[in-house]
Protein chains: 2
Amino acid sequence: MTRKGHLTVQRKAILDIVSGASDHPTASDVIERLKIQGFNFAYGTVYNSLRYLTDEGLIRELKLDGDASRYDARVEEHQHIVCVKCGKVDEVFAAPPADWLTQIAEETGYAIEDQHFVFKGVCAACKTSKRNTLQ
Amino acid sequence: MTRKGHLTVQRKAILDIVSGASDHPTASDVIERLKIQGFNFAYGTVYNSLRYLTDEGLIRELKLDGDASRYDARVEEHQHIVCVKCGKVDEVFAAPPADWLTQIAEETGYAIEDQHFVFKGVCAACKTSKRNTLQ
DNA sequence: TTTCTTGCAAAACATTTGCAAATCG
DNA sequence: CGATTTGCAAATGTTTTGCAAGAAA
């Protein structure tokens with residue numbers, strides 16, 4: 001169905017890793033996990049593949065707060081929340097109220113096309129444990 | 001009042017540039033504008049100063065979608081919207097509805113501490129002009 | 001003098017690119 | 001064959017770091 005290119009071995013392996021991960025891995029994470037599985041793809045190939053998969057809509061690229069992009073196989077519309085204590089990234093599915101978006105469109109004069117929200121907070125597990133350092 | 005360090009010449013010059021800018025400059029932008037003003041600070045110094053100013057709460061660091069951080073002298077709580085056609089970054093002041101945040105806290109189990117929202121859309125000027133390329 | 005800052009250059013990353021070789025259809 | 005993709009290494013761009021020299025308290 002897809003016009004150009006195909007799910008090569010490399011792309012499939014990378015898609016599987018992102019799909020099977022629940023922690024929104026970075027490109028480095030992906031490379032690391034590929035190594036564990038015995039694959040040893042070039043950096044360029046991994047980035048190429050991640051871009052390809054993103055362009056095909058099979059995964060999403062997330063720019064959360066760190067330096068490296070993370071990848072997410074859940075492509076449905078959703079947002080993210082990052083734990084400030086343990087660094088975990090979770091999904092947020094509650095959609096923003098339409099009238100708030102309307103208000104913003106009016107305030108700014110923009111025709112809004114897309115939104116990326118990143119929440120920060122303390123996750124349930126970290127609320128319980130009294131640890132207060134990252135890591 | 002501030003405990004450590006002070007507003008040195010370099011830091012003041014950089015703060016002035018960020019404060020006087022309406023376009024959320026990147027570190028490179030700042031360095032460029034410093035040069036125009038006859039300053040020629042080291043890269044390290046500019047980054048150090050930006051971090052210092054951020055830590056002091058005098059400016060805010062924004063991680064919008066590009067690669068480089070942008071800096072914003074408006075430190076009041078607000079969000080941003082990026083024009084997908086011309087790349088302009090504007091402010092969004094409409095606060096998210098409290099009950100939506102409550103809903104998210106319930107859904108995720110997190111104690112929300114902070115939010116960063118980035119909207120994308122077409123700005124008023126670009127809506128009018130029929131241009132459809134970036135830049 | 002003790003502490004903080006600067007300047008400079010090198011290092012550290014994340015990511016992209018160029019090009020030849022390999023692979024796919 | 002012709003188009004795409006890979007591997008590799010080098011280049012790019014952003015940001016950090018180490019360290020000696022300079023400025024400030």
Side-chain angles (χ1 to χ4, degrees), chain A residues 1-18 23-35 37-56 58-72 87 89 134-135, chain B residues 1-18 23-35 37-56 58-72 87 89 134-135:
Chain A
M1 258 345 61
T2 36
R3 300 301 315 290
K4 291 186 141 187
H6 244 145
L7 222 44
T8 61
V9 178
Q10 292 75 287
R11 289 170 178 175
K12 179 77 169 63
I14 290 168
L15 174 59
D16 286 347
I17 284 177
V18 176
D23 63 341
H24 310 81
T26 63
S28 301
D29 293 334
V30 171
I31 291 171
E32 208 170 89
R33 292 172 202 186
L34 284 168
K35 287 222 177 84
Q37 297 187 10
F39 293 113
N40 219 318
F41 307 152
Y43 253 73
T45 300
V46 174
Y47 280 101
N48 271 344
S49 301
L50 288 170
R51 178 132 43 123
Y52 168 86
L53 295 168
T54 303
D55 290 346
E56 291 294 309
L58 298 173
I59 63 177
R60 264 178 62 185
E61 180 183 10
L62 309 179
K63 301 211 174 190
L64 306 181
D65 249 30
D67 12 338
S69 288
R70 290 169 166 278
Y71 296 88
D72 188 345
V89 177
L134 191 74
Q135 199 58 278
Chain B
M1 248 359 43
T2 36
R3 297 303 311 290
K4 288 186 145 189
H6 243 148
L7 220 43
T8 62
V9 178
Q10 294 72 293
R11 290 170 178 175
K12 178 77 168 61
I14 291 168
L15 174 59
D16 286 347
I17 283 176
V18 177
D23 62 341
H24 310 82
T26 63
S28 301
D29 293 334
V30 171
I31 291 170
E32 206 171 275
R33 294 173 202 184
L34 284 168
K35 287 221 177 86
Q37 297 185 10
F39 293 114
N40 219 318
F41 307 152
Y43 254 73
T45 301
V46 174
Y47 280 100
N48 271 345
S49 302
L50 288 169
R51 176 132 43 122
Y52 168 85
L53 294 169
T54 303
D55 289 346
E56 291 294 310
L58 299 173
I59 63 177
R60 264 178 63 186
E61 181 182 10
L62 309 179
K63 301 211 175 191
L64 305 183
D65 250 29
D67 13 338
S69 288
R70 291 170 167 274
Y71 295 88
D72 188 343
V89 177
L134 191 74
Q135 199 53 280

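Convention: sequence-line order gives letters A, B, ...; per-chain numbering from 1. Just so it is clear, the model here is predicted, and its values are computed rather than measured.
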Could you give the CG-to-C1' distance, from B:L34 to C:dT6, as a whole number of Å?
14 Å
Rounded to the Å, how far apart are B:E56 CD and C:dC4 C1'?
13 Å
Looking at residues at least two apart in the chain, or sitting in another chain, which of them share a side chain to side chain donor-acceptor pair (under 3.5 Å) with B:E61?
B:S69
Non-neighbouring partners of A:D16 that pass side chain to side chain donor-acceptor pair (under 3.5 Å), sequence neighbours left out
A:K12
Taking protein heavy atoms under 4.0 Å as touching, what does nucleotides 7-25 of chain C look like 5' to 3' if B marks base contact, S marks sugar-phosphate-only contact and - marks none?
BB-----SBBB--------
Find out whether A:N48 and A:R11 are in side-chain contact, i.e. whether some heavy atom of one side chain is under 4.5 Å from a heavy atom of the other.
no
Scan nucleotides 10-12 of chain D against the protein and return all N/O pairs shorter than 3.5 Å with their distances rounded to 0.1 Å.
none

Once side chain to side chain donor-acceptor pair (under 3.5 Å) is applied, do any residues pair with B:T8, and if so which ones, sequence neighbours excluded?
none
With sequence neighbours excluded, residues passing side chain to side chain donor-acceptor pair (under 3.5 Å) with B:D29
B:T26
Partners meeting salt bridge (Lys or Arg N to Asp or Glu O under 4.0 Å) with B:R33 (sequence neighbours left out):
B:D23
For C:dT6, take OP1 and OP2 only and decide whether either is under 4.0 Å from a side-chain N or O of B:T8.
yes
From CG of A:L7 across to P of D:dT4 the rounded distance in Å is 17 Å
Residues which pass side-chain contact (heavy atoms from CB on, under 4.5 Å) with A:F41, listed by chain and number, not counting sequence neighbours:
A:Q10, A:A13, A:I14, A:L34, A:F39, A:T45, A:V46
Determine whether B:R60 and B:L62 make a side-chain contact, defined as any pair of heavy atoms from C-beta on separated by less than 4.5 Å.
yes
